[in-house]
Amino acid sequence: MNFHFDRAALASELFRRRSGQQAAAVSRPGKLLVEHTSINPNKAAHIGHLRNAVLGDVFARLLRFRGHSVEIQNYIDNTGVQVADVTVGFLYLERKTSAEVQVLVDDPGIRFDYYCWDLYARVSRHYDENKSAVALRTETLKAIEERQGEAAAVAKIVSTAIVKKHLATMLRLNVEYDLLVEESEILRLDFWKAAFEEMKRIGAIRYETEGKNAGCWVMSLDGGGRAGEENEDVKIIVRSNGTVTYVGKDIAYHLWKFGLLGKDFNYAPFYQYPGGRILWLTSAEGHADALAFGHASQVYSVIDTRQSYLQAVVAAALRAMGHREAAAHLHHFAYEVVSLSPACAEELGYELSPEEREQNYVEVSGRKGLGMKADDLMDMLIEKATEEVRSRRMTDDPGEQLAYGRMIAIGALRYFLSKFSRRVAIAFDFKDALAFEGETGPYLQYTAVRARNIFRKYAETQPAFDPRSLGEKIGKTQLGPLFAGQSGLAFWQLTALAAQLELAVEESITNAEPSIVAKYAFRLAQNFNNFYPHYHVLSEPDPERQAFLLFIVFVVSQTLAQTLDVLGIEIPERM
RNA sequence: GCGCCUGUAGCUCAGAUGGAUAGAGCGGUUGCCUCCGGAGCAACAGGUCGGGGGUUCGAAUCCCUCCAGGCGUACCA
């Protein structure tokens, strides 16, 4: 089947849409919940956490672009083993009281998240060297869960301080949240107990009286071996000492996400972002203005691919409890981890073993204290970008130089973390991440600035000019001949590409793949840069043709701006 | 062992629902600033799409099989 576009009609329609004279997206029913970041609050964030946050943030922006109501949650595992480990470090290695830990937190000369980063590595070494010390972890974890004594006090100070650090780190790259859900609240409000009772009632879990799992509550998974036999596929939900595993708590959390638990949190405002958004925190006391959180129609959990099995267990639990529809609406947004290139690991001061030197990458390890800290990376990027700004003499004002440098650095980082498909493992390398040329964020920003400069320059001679008026100035009758034939082909190709933003967003969402929109942005920028030197707008003598060129550039410029907004990349005034 | 993922140019990666001479960035070689600012553009070199079978008019894409690598299969998360 052959068919032809009415080029003029499409261009006209596209212009109206891109110039905001027609609503871009219809609002859609239901609420979509995106959970991302969810870093253990026991040490500084690293590059892997940034990948999680950027993927989750772009995905949420994609959904909002399509007109969905989206709620972004960040889960705080403040009663988990990792927090317990740092607590062990403070109590037993450093012999500090909770008051002394608080002094550390309040000391402006100390980066508390970096301090904990090192302490966590020390604790892990201590466990390796003293096997008996592992008992301290179990003991401490139980005390934290039961909110008893110094352990609970230290854990609370640590996790609260680290969460604030994480939020500040993420804000540097334009990542915001709607709600922080604390695991301690899930326990305190007996969310777990409610889920536990229900699972027992339905028979989704059973108590083991003998065998290797004696004393545990376990869930049987379909597939694998037969019930009761040695090779039965079983997952422990409640440990023999009565504490709940991560999966158990996650099952309760996910039931709540869908509004299936029959219980709810209380909320209090925690922080107001510079842009006005309020970040809420689950809390003991309720707040009258609290929005109705949860009750989502679709849930996306951005969690690395190594946790696929655990996420499958959560979905299996929902099904076992009869919530088949919810299980089908629970999406594990799985992505590969970020490791380090051997060269990068060495630059960070890590000594490689001969085998590690042979490999293409070195695994990041919080326990070894090996990883690229998020803030260090951003500092490096900002320094390099600011230096570029200085050398290009964009402005002499040091404050502006830094502001531009920051915007460009964050653009580079966000694009770098978005351009890979989520299934590929990234071996982080300074050379690639610090690049500002080629397929990078700054290339996109530069292109957007280029396009805008045409209008800025044009307005110098035509102060009353409003690009949105171009729509009336150039109707379909004028557009028809301009798009026709060989001479119109370049214009048509660029316009047709600009018309595909919605398609790219759609494809990005159905595949849960932010890289599709990132690649689209690059392709659009590349096409515009190719067009740019061939059609000089400002020196065009024919007024009608000049108006047409402005029309095309405006459509592309607006499309690129909207695409960058979806990617969370800001466009500087100059570049 | 079982489950999931990956293998495309020297390097890093795109190629969704099978469609024409397999694309981009980096790196290499070579051109292009009397400027809407070159963080750019153009050109050249570079690929038996891990191997082998099969389905199809047509396969990087679907199926089978083998090889190589990764991850998971914890009373850690």
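The sequence lines fix the lettering, A, B, ..., with proteins before strands; numbering per chain opens at 1. The shown structure was predicted, so the numbers you read here are calculated from the model rather than taken from an experiment.
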Does [N] pair with anything, Watson-Crick or G-U wobble, both distances under 3.5 Å, and if so, with which nucleotide?
N      : value
B:rC41 : B:rG31
B:rA59 : none
B:rG7  : B:rC67
B:rA20 : none
B:rC2  : B:rG72
B:rC49 : none

In terms of ring plane angle, is the pair A:H166 and A:H49 parallel, tilted or perpendicular, where the classes change at 30° and 60°?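 Plane angle between 30° and 60°, so tilted.
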
What's the [atom1]-[atom2] distance between [X] and [N], to the nearest Å?
X      : N      : atom1 : atom2 : value
A:R423 : B:rG72 : CZ    : P     : 18 Å
A:Q307 : B:rG72 : CD    : C1'   : 11 Å
A:I144 : B:rA77 : CD1   : P     : 12 Å
A:H332 : B:rC71 : NE2   : C1'   : 12 Å
A:Q401 : B:rA39 : CD    : P     : 16 Å
A:I39  : B:rA77 : CD1   : C1'   : 14 Å
A:R422 : B:rC4  : CZ    : C1'   : 13 Å
A:H534 : B:rC35 : NE2   : P     : 16 Å

Which of the following nucleotides, [options], is nearest to the side chain of [X]?
X      : options                : answer
A:H536 : B:rA39, B:rC36, B:rA77 : B:rC36
A:P442 : B:rA14, B:rA39, B:rC36 : B:rA39
A:K431 : B:rG72, B:rA39, B:rC26 : B:rC26
A:F420 : B:rC75, B:rC13, B:rG37 : B:rC13
A:F522 : B:rC75, B:rA24, B:rG40 : B:rA24
A:E363 : B:rC71, B:rA39, B:rC75 : B:rC71
A:P533 : B:rA16, B:rA39, B:rC41 : B:rC41
A:R306 : B:rA77, B:rC13, B:rC71 : B:rC71
A:Y446 : B:rA16, B:rG38, B:rA77 : B:rG38
A:K235 : B:rA39, B:rA74, B:rC26 : B:rA74

Which part of the nucleic acid, if any, lies within reach of [X] when heavy atoms closer than 4.0 Å are counted: base, sugar-phosphate only, or nothing?
X      : value
A:Q82  : nothing
A:A525 : nothing
A:I516 : nothing
A:A425 : sugar-phosphate
A:N529 : sugar-phosphate
A:I426 : nothing
A:N40  : sugar-phosphate
A:D77  : sugar-phosphate
A:F528 : nothing
A:V553 : nothing

Could you work out the separation of [N] and [M] based on their [atom1] atoms and round it to a whole Å?
N      : M      : atom1 : answer
B:rC26 : B:rG7  : P     : 23 Å
B:rA24 : B:rA42 : P     : 10 Å
B:rG50 : B:rC5  : C1'   : 16 Å
B:rC13 : B:rU6  : P     : 13 Å
B:rG15 : B:rG23 : P     : 15 Å
B:rU30 : B:rC63 : C1'   : 47 Å
B:rG70 : B:rU29 : P     : 36 Å
B:rG25 : B:rG52 : P     : 30 Å

Report the glycosidic orientation of B:rC33: syn if within 90° of 0, anti in every other case. syn

Assert: residue with more 5' nearest nucleotide on RNA chain B, out of A:N511 and A:E183, is A:N511

Toward the 5' end of RNA chain B, which comes first, A:V537 or A:S240, by nearest nucleotide?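 By nearest-heavy-atom nucleotide position, the 5'-most residue is A:V537.
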
[Y] six-ring centre to [X] NZ/CZ under 6.0 Å and within 45° of normal:
X      : Y      : answer
A:K249 : A:Y253 : no
A:R450 : A:Y532 : yes
A:K384 : A:F436 : yes

Do A:N78 and A:S159 have side-chain N/O donor and acceptor atoms under 3.5 Å apart?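 Not at all, the side chains of A:N78 and A:S159 share no donor-acceptor pair under 3.5 Å.
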
Going by modelled atom types, is there a donor-acceptor pair between the base of B:rC5 and the side chain of A:T305 at under 3.5 Å?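 Check fails, no donor-acceptor contact within cut-off.
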
Are OP1 or OP2 of [N] and a side-chain N or O of [X] less than 4.0 angstrom apart?
X      : N      : result
A:R450 : B:rG38 : yes
A:S421 : B:rA14 : yes
A:Y309 : B:rC5  : no
A:Q526 : B:rG25 : yes

For A:E129, look at atom CD and say whether over 12 heavy atoms of other residues, nucleotides or ligands are found less than 6.0 Å away. yes

More than 12 heavy atoms from other groups under 6.0 Å of CD on A:E346: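 Yes, the 6.0 Å shell around CD holds more than 12 heavy atoms from other groups.
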
Would you say the ring centroid of A:Y415 lies under 6.0 angstrom from that of A:Y443?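 Not close enough - the centres of the two rings lie 6.0 Å or further apart.
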
I want to know whether A:F333 and A:F59 have ring centres closer than 6.0 Å. yes

Is the shortest side-chain heavy-atom distance between A:K257 and A:L330 below 4.5 Å? no

